[in-house]
Amino acid sequence: MELENSEKAKQIVVLLIGPPGSGKSTFCDTVMRSSHRPWSRICQDIINNGKAGTKPQCLKMAIDSLKEGKSVFIDRCNLDREQRSEFIKLGGSDVEVHAVALELSAQVCISRSVKRTGHEGNLQGGRAAAVVNKMLQSKELPKLNEGFFRIMFCYNDADVENAVNTYSMLGPMDTLPAGCFGQKNSDTKSQPAKLGSADTVPTLAFPSISTADFQFDLEKASDIIVEKAEEFLPKLGTARLVLVDLSHGSKILSLVKAKTSQKNIDSARFFTFVGDITKLHSEGGLHYNVIANAANWRLKPGGGGVNAAIYKAAGPDLEAATRVRANTLLPGKSVVVPLPSTCPLHKAEGITHVIHVLGPNMNPNRPDYLNNDYTKGCKTLREAYTSLFEGFLSVVQDHSKLPKRSNQTTVPDSGDNIKEDTERNKKFKGPQDKSVANNLESGSVEGTRDNGKKISKGWSTWALALHSIAMHPERHENVVLEFASNIVVINDQYPKAQKHVLVLARQESLDGLEDVCRENLQLLQEMHDVGLKWVKRFQDEDASLIFRLGYHSVPSMRQLHLHVISQDFESDSLKNKKHWNSFTSSFFRDSVDVIEEVKSQGMANVVSEDLLKGELRCHRCRSAHPNIPKLKLHVRSCRSQFPDHLLQNNRLLAPPQTYQ
DNA sequence: GTTCTAGAAC
DNA sequence: GTTCTAGAAC
């Protein structure tokens, strides 16, 4: 996911913003004197062999410095949006663009400029006052939606010192939180007052639907976003629509921005914004009250990206509130979920509603892949935005007590919608970098085309091994024990017990337990039966072996696979807590229970990966142990009876009359 | 999923 | 000093 800054070190471009005399150069010099991060100060006043140069010269030098691995100060006035925009474009996946706005009083700046001697820009003497005043006339305060990752406002020397310290302390590997810091009540001059203050205008923040994990073409998606926004803005009164993306170099944001600017759309009511959709108020200073979630068809937490982030930020309240409204969602549909006032998102950010939306899927590794059928895909994406914006409209109308529309046509009946898939846990996501394309032998992971560029499939190569075997067992004769039309049985390459085999499903798009639905019941039963057959075979050889059949809640490897594993756990490959807990905590879902759940509720329950981090307990006597070696020592000799739970419903498979 | 390794724990 | 874990890289 996506919503974390976990990667390697990022370079930073800091735009200093302030008139002559505001202390930009001093700021840079002070930071650079004590910083452990390599910095380059790019000062337009001296860039030309000590004389004043041009903006393009500054840009070129900035690019060169970034290539050398340095972070960069842009030491020029940068007072208006236009002046800043070129430098903001320096941002990307590895480069954050920050702003430090030196908002000292004009008088201070003027008097400093007048007094100073030897200033590099040679702006001294009486002429300075006129220049500073002129410049300040065109000043526009920086805003996050220009594309800044972070903005700090400084109004006095103490603020400046604080900002200097912040950047001085920033080591090469450190990062700073995103958002807008220190801003006093925003200047009303530069933000023409609209009907109703921005603090009360209903605002929907929404991610681009289907363009992340579902790999929908960005050009087409941006057309649809702009088209639908244009269509709904007139119906929405003063309400605002804000397209949000986490990344500064976001292609979809720049496409939408470009397309919006060509149309007659009020940029105060439809605009793009960079930030974490769950923190736009606290970290980005944006007022908003409704967010859209790029949901999965089960309307469940987890996965990666926006869905995981929203459920995480909202806590269990969201899932409970969602359940009341619907259990599943069809592509092209949405469902409006009011958040209780106890919900953290409500309290911290002022979000009153989450609208779950499901878009079309163009990712061949996700269920209901549309196989590049963009006729259908565009239709579904249009429906998705229509449904989303209508949902928002219904919230707005409720909110303003306007006459209500007849009904919420966008809210699907709860219950029996057909499935669609979503973003998955981030560990499934391989390198997002297109250059690191996978080179598996299987042709099935070939990328789709996205604006003419091949994009990566989102699965790390190591996670595809089972899928590859399931699809082409004949190519893997050395590891395959048995195969039939629907299943393949293999030895686990790193067995975690004396006997440990996997029964793989051979169906495409069944990546794990989360994908399983009623349609798969027969397959689940077949996998179970094949598992039982292998248990019998093993027990015929060694009657002391006891088995469990089950699935990992969140598998590491693609392709639904049933573990058939003996309960001795004697194996050198069982090395860590994750290994142990994945087979002995409730993270391991017994096949009998999975089948029962799918029969009764149409889907299998899964639990969070957090369970894997829990303490190490013996699977028989439940005693706790400090580390893996001590645990294994204990397990080797523990003969306690298994917990009651496992003795029921044939969860545990022992040969007749042996449970000990 | 595993391997590798820094550094925490002992 | 050695053992063990946990996180990054693959």
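By convention in this document, chain letters (A, B, ...) are assigned in the order of the sequence lines, proteins followed by strands, and residues within each chain are numbered from 1. What you see is a predicted model, and the numbers here were worked out from it, not measured in a lab. Just so it is clear, the values below take in all heavy atoms, side chains as well, and ignore hydrogens, waters and symmetry mates.
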Quick one: A/Lys578 NZ to C/dC4 C1', roughly how many Å, whole number? 18 Å

In whole angstroms, how far is the C1' atom of C/dT5 from the CG atom of A/Asn581? 14 Å

How close or far is atom P of C/dA6 from atom CG of A/Asp610, stated in whole angstroms? 14 Å

In this structure, how many angstroms lie between the P atom of B/dT2 and the CD atom of A/Gln493, rounded? 8 Å

Could you tell me whether A/His552 contacts a base, only the sugar-phosphate backbone, or nothing, with contacts defined as non-hydrogen atoms closer than 4.0 Å? sugar-phosphate

How close or far is atom C1' of B/dG1 from atom CG of A/Asp511, stated in whole angstroms? 15 Å

Within the supplied structure, the quantity of interest is the number of heavy atoms (other residues, nucleotides, ligands) at a distance under 6.0 Å from A/Asp572 CG; does it exceed 12? no

Separation of B/dT2 C1' from A/Leu574 CG (nearest whole Å): 13 Å

Look at the side chain of A/Arg37 and the backbone N and O of A/Gly171, then say whether any donor-acceptor pair between them is shorter than 3.5 Å. yes

Tell me which residues in residues 624-635 of chain A put a heavy atom below 4.0 Å from DNA chain C, sorted by number, or none. A/Asn627, A/Ile628, A/Pro629

I need the CG-P distance between A/Leu612 and C/dT5, as an integer number of Å. 15 Å

Would you say A/His579 places a side-chain N or O within less than 4.0 Å of OP1 or OP2 belonging to B/dG1? no

How about A/Tyr311 and A/His356: are their ring centroids closer than 6.0 Å? yes

Hey, are A/Tyr167 and A/His98 close enough side-chain-wise for a donor-acceptor pair under 3.5 Å? yes

Between atom CE in A/Met173 and atom C1' in B/dA6, what is the gap in whole Å? 14 Å

Ring center gap for A/Phe588 and A/His619 short of 6.0 angstrom: no

N-O pairing of A/Asp529 and A/Lys533 below 4.0 Å: no

Describe, in one word, how the ring planes of A/His561 and A/His563 are oriented to each other, choosing from parallel (under 30°), tilted (30 to 60°) and perpendicular (over 60°). perpendicular

So, is A/Lys496 close to the B/dG1 phosphate, meaning a side-chain N or O under 4.0 Å from OP1 or OP2? no

